[in-house]
Amino acid sequence: MNLFSELRTLVTEAIAAMQAAGELPEGLDLAAVAVEPPRDAAHGDMATNAAMVLAKPAGKQPRQIAEGLAARLSADPRITAVEVAGPGFLNLRLDKALWQRLVAAVLSQGGDYGRSAIGAGTRVNIEFVSANPTGPMHVGHTRGAVVGDALARLLAFAGWNVTREYYINDGGAQVDVLARSAYERYREANGLEPAIAEGLYPGDYLIPVGEALKETYGTALLDKPESEWLVTIRDFAVRRMMAMIREDLAALNVKMDVYSSEKALYGTGKIEAALERLRGLDLIYEGVLEPPKGKTPEDWEPREQTLFRSTAHGDDVDRPVMKSDGAWTYFAPDIAYHFDKVERGFDELIDIFGADHGGYVKRMKAAVAALSGGRVPLDIKLIQLVKLWKNGEPFKMSKRAGTFVTLRDVVEQVGADVTRFVMLTRKNDAALDFDFDKVLEQSKDNPVFYVQYANARINSVLRKATVDVDDLTLAGADLSLLDHDAEITLAKKLAEWPRLVEIAARNNEPHRIAFYLYELASDFHGLWNRGNDEPSLRFVQEDAGITQAKIGLARATGVVISNGLGILGVTPVEEMR
RNA sequence: GCACCCAUAGCUCAGCUGGAUAGAGCGUUGCCCUCCGAAGGCAAAGGUCGCACGUUCGAAUCGUGCUGGGUGCGCCA
């Protein structure tokens, strides 16, 4: 039950009726007609801008149109009052029974309340995390993982057909560095002194890899030239790193559907095929790039390279796909990988990148636009930095010592639920402060706690109730007994949920869910506390029927909180401890 | 030099793809528990929405130009 879409339909029907009566011309574009709750509750329950939007194309005065719509809308039993206000707004007041019925609908739909079909089964691929397989995931990756997974859950709830995908960067020089680093740990495991040279990965997490290598290969690879062990150890170490990353993701309650390998693109002709496709479109050529202005690399010299004409699709300069030594740049397999996603039949691609990859957005979009002939849109969400705080001070990590704050560090200290919620309390393109002390604080300025507390209170009421609180029983209760304004206000908030899901999904913005839940919790706490002064507003009453109606409202709130937390990937708690 | 992101109350941030008098939390001030959990609630004060033009019936939101901060800019991914 989505009240907003129901009422919008009502408005468009009224417009059609006016057209039929010759009061409005045919062929009007109704896309801009909105039906929304007004910011100020004094303006009624719902408002539409229809008269103002249609005034110009219809060649009529807004008020004239508004009067015509008002006359027709007021005939509907769901609408108790219509008034024309301001420059031509149409303010609607709705029958209380509508809100009461909504509570019943929430209860009977349960986990499906708010589910939407706007995605229309569109096949969307969300690529996220894609951390290099050279070490454990750190906090920087964590936010991307949370945002990507929450977005996946959100889009699935809104009717998209979602695939979560991880692109393993196992084809570049960094995995050779990993192999050399692991080799030193392998020597160490065999009782030799490791030589962790500058540029190798010094982290302790490679020590068990060295030991595992010793178990598998004994001493067979010792004192051999690099060319004899590099590939073996590299593959071994990458497998171990990916196993570790999967565990990290699992600790955060994130599960990928597909892992794609960069290395698997090499030697299969896939890169060549993708570039051939571009060449056929006259988007690949040999040329020389201008040096970047203002910050010329010291060893810069003009050089002819194979270039992708990304400027044809909105980029600022053309981009090289081949290095001067004839090897592919990282961009070439990236093009092939995105081409592969297009070929697999996705209708929509989403990439979640760290903000430091902001410079690659335009070229990636250019490549996808070219390779899909403009069919497949690519949305790239850039995830800004997470600043860690502890004891009121910035919590620094030391790259030099090879120590950094890992995803595990964070999850072990505060838990996956808190980590996820906090990471979603800011839009992705704004930097986020993550304060170890504050996120565990049990007070209302901690949104995680505040929302969970509301849910715990609801469950507390359910436990204390002496009436049957089964959802279907509650849905069948006489909800017309919910007629206090404070109760109707909460029901109105519940009515917003399906619309909010659609807005958040359309914009690929899961953080909106977190903010809505905070507002919903606030409304609930407000109603709860009014029970202190007005006993008639308490949930548990003498009369069983009244109690069921009131608990129905509380339980409906709990349903929405659970559904919302489900999208965020956070487990609702039933009791605070 | 260029590109992208950000700029909203003293602080941290929302703002529903352009709507009516711009909203929360913290902090400040004043209230509310013989309580279904006060781990909470109510109220007040607090704003040139960075600046300037423009589009529009209507701009925090869209466009252009500035200012300030962040990120990035061939042979690293």
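With distances taken from any side-chain atom of Asp429(A) to the nucleotides rA3(B), rU17(B), rC6(B), the minimum falls on rC6(B). Out of rU56(B), rG15(B), rG40(B), the shortest distance to the side chain of Lys56(A) is found at rU56(B). Comparing rU17(B), rG41(B), rC13(B) against the side chain of Tyr450(A) picks out rG41(B) as the nearest. Of the candidate nucleotides rG40(B), rC13(B), rG25(B), rC13(B) has the atom lying nearest to any side-chain atom of Asp433(A). Comparing atom distances between the Ala47(A) side chain and each of rG40(B), rA20(B), rA14(B) picks out rA20(B) as nearest. Comparing atom distances between the Val53(A) side chain and each of rA20(B), rC13(B), rG19(B) picks out rG19(B) as nearest.
Using N1 to N3 plus N6-O4 or O6-N4 for Watson-Crick, or N1-O2 and O6-N3 for G-U wobble, each under 3.5 Å, rA43(B) pairs with rU29(B). Nucleotide rA52(B) forms a pair with rU64(B), judged by Watson-Crick or G-U wobble geometry with both contacts under 3.5 Å. Nucleotide rG23(B) is matched to rC13(B) when pairs are restricted to Watson-Crick or G-U wobble geometry with both distances under 3.5 angstrom. rC73(B): Watson-Crick or G-U partner is rG1(B), with both key distances under 3.5 Å.
For the 3.5 Å distance criterion, the side chains of Ser443(A) and Glu441(A) qualify, holding a donor opposite an acceptor. A donor-acceptor pair shorter than 3.5 Å cannot be found between the side chains of His357(A) and Asp351(A).
Using a 4.0 Å heavy-atom criterion, one finds that Arg457(A) contacts the sugar-phosphate atoms exclusively. Nucleic acid contact class of Ala327(A) (heavy atoms, under 4.0 Å, all strands): none. Heavy atoms of Phe539(A) sit under 4.0 angstrom from at least one base atom.
Among Ile561(A), Val573(A), Asn446(A), the single residue meeting the side-chain contact (heavy atoms from CB on, under 4.5 Å) criterion with Gln452(A) is Val573(A).
Annotation: Phe353(A) is not in aromatic contact with Tyr167(A) [ring centroid separation under 6.0 Å not met]. Remark: aromatic rings of Tyr166(A) and Phe128(A) are distant, center separation not under 6.0 Å. No close placement of the Trp389(A) and Phe434(A) rings is indicated, their centers lying 6.0 Å or farther apart.
Atom pair Asp533(A):CG and rG40(B):C1' shows a separation of 13 Å (rounding to whole Å applied). Atom P of nucleotide rU21(B) and atom CG of Asn91(A) are separated by 13 Å, given to the nearest angstrom. The distance between atom CD1 of Ile513(A) and atom P of rG15(B), rounded to the nearest whole Å, is 12 Å. Between the CG atom of Asn455(A) and the C1' atom of rG40(B) there is a distance of 16 Å, rounded to whole Å. Protein atom CZ of Phe421(A) is 14 Å distant from nucleotide atom C1' of rC13(B), rounded to whole Å. Note: CZ (Arg319(A)) to C1' (rG74(B)) measures 9 Å, nearest angstrom. Atom CZ in Arg463(A) sits about 12 Å away from atom C1' in rC36(B), given to the nearest Å. If you take CD of Gln384(A) and P of rA7(B), they are 11 Å apart, rounded to a whole angstrom.
Under 4.0 angstrom from either OP1 or OP2 of rC13(B) there lies at least one side-chain N or O belonging to Arg426(A). Between Arg363(A) and rC73(B) there is no side-chain polar atom (N or O) within less than 4.0 angstrom of OP1 or OP2. In this model, the phosphate group of rA14(B) is approached by a side-chain N or O of Lys427(A) to a distance below 4.0 Å at OP1 or OP2. Within the structure, every side-chain polar atom (N or O) of Trp528(A) is placed at least 4.0 Å from both OP1 and OP2 of rC35(B). Considering only side-chain N and O atoms, His357(A) lies nowhere under 4.0 angstrom from the phosphate OP1 or OP2 of rA3(B).
Ranked by how close their nearest RNA chain B nucleotide is to the 5' end, Leu289(A) and Glu519(A) are led by Glu519(A). The nearest heavy atom of RNA chain B to Lys464(A) and to Gln174(A) marks one nucleotide each, and the one closer to the 5' end goes with Lys464(A).
Atom CD of Glu286(A) sits in a crowded spot, with more than 12 heavy atoms from other residues, nucleotides or ligands closer than 6.0 Å.
Using a 5.5 Å limit on the distance between ring centres and a 30° limit on the angle between planes, the aromatic ring of Phe89(A) counts as stacked on the six-membered base ring of rA20(B).
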